[in-house]
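These notes are about the structure you will find just below.
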Amino acid sequence: QVQLAESGGGLVQAGGSLRLSCAASGRSFNLYTLAWFRQAPGKEREFVAATKWNGGSTIYKDAVEGRFTISRDNAKNTVYLQKNSLKPEDTAVYYCAASRLSVAVTTQSRYDNWGQGTQVTVSS
């Protein structure tokens, strides 16, 4: 089990950038696949990006590919989501999640450790 805590959310104008961080505590952080999900008001939570344990494989939601970058620093037990060219439709609560799977996946049910979320609001 790992405990996850997101930070870095806030209010930003459209076209701006923001970097989210997710700090993890617990054993074997470097063995977990890590992901970011988001939930917009009135919508279901959706996959955004994921990286496998060694950062060698990453996957993205189509709508964010090329604008968002997921990365991890296993020495710091932290995963990041760099978000550029933000759009109002990126407004959501962003959640960090961890899975013991050795591959990056998009399915929420495969992640059994979740953070509390951080709010990101993009104004037009």
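Note: hydrogens, waters and symmetry copies are ignored here, and every other heavy atom, side chains too, is used.
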Shared hydrophobic cluster for I59 and L81 (ILVMFWY, side-chain gaps under 4.5 Å): no
Test item: side-chain donor near acceptor, N84 and S17, under 3.5 Å: yes
Stepwise side-chain contact (heavy atoms from CB on, under 4.5 Å) test for Y95 and Q39: CA-CA 8 Å; Y95 298 89; Q39 186 167 20; 4.1 Å; yes
Heavy-atom donor-acceptor pair, T107 side chain to S109 backbone, under 3.5 Å: no
Between NZ on residue K52 and OG on residue S102, distance to nearest 0.5 Å: 6.5 Å
Side chain proximity check, D90 to V120, heavy atoms < 4.5 angstrom: no
Any donor-acceptor N/O pair, T58 side chain to A50 backbone, under 3.5 Å: no
Close side-chain approach of V64 and R38, heavy atoms under 4.5 Å: yes
OG on S124 to NZ on K87, rounded to 0.5 Å: 14.0 Å
N/O donor-acceptor pair under 3.5 Å between T91 side chain and E89 backbone: no
S25 side chain to Q3 side chain, donor-acceptor N/O pair below 3.5 angstrom: yes
T33 side chain to L101 backbone, donor-acceptor under 3.5 Å: yes
Inter-residue atom distance L34.CG - N77.CG, 0.5 Å rounding: 9.5 Å
For Y60 against I70, the heavy-atom pair lying closest together: OH-N, 2.9 Å
Shortest non-hydrogen contact between V79 and W36, atoms and distance: O-CZ2, 3.8 Å
Polar side-chain atom of Q82 near backbone of T69 as donor-acceptor pair, under 3.5 Å: no
Rounded distance (nearest 0.5 Å) linking atom SG of C96 with atom CD of Q116: 11.5 Å
Cation-pi check, R100 onto Y32 ring (under 6.0 Å, within 45° of axis): yes
Shortest non-hydrogen contact from F37 toward R45: CB-CG, 3.8 Å
Cluster overlap V105 with V48, hydrophobic side-chain contacts below 4.5 Å: no
Over-ring placement of R72 relative to Y80, 6.0 Å and 45° cut-offs: no
Interatomic distance, K61 atom NZ to R67 atom CZ [nearest 0.5 angstrom]: 10.5 Å
Shared hydrophobic cluster, V122 / V93 (ILVMFWY, side-chain heavy atoms < 4.5 Å): no
Distance-minimising heavy-atom pair for V2 and A98: CG2-CB, 3.7 Å
Smallest separation among heavy atoms of L4 and A24, with atom names: CD2-CB, 3.6 Å
Minimum-distance pair of heavy atoms, taken over all atoms of L20 and Y94: CD1-CB, 3.5 Å
OG-CD distance between S123 and Q13, expressed to the nearest 0.5 angstrom: 5.0 Å
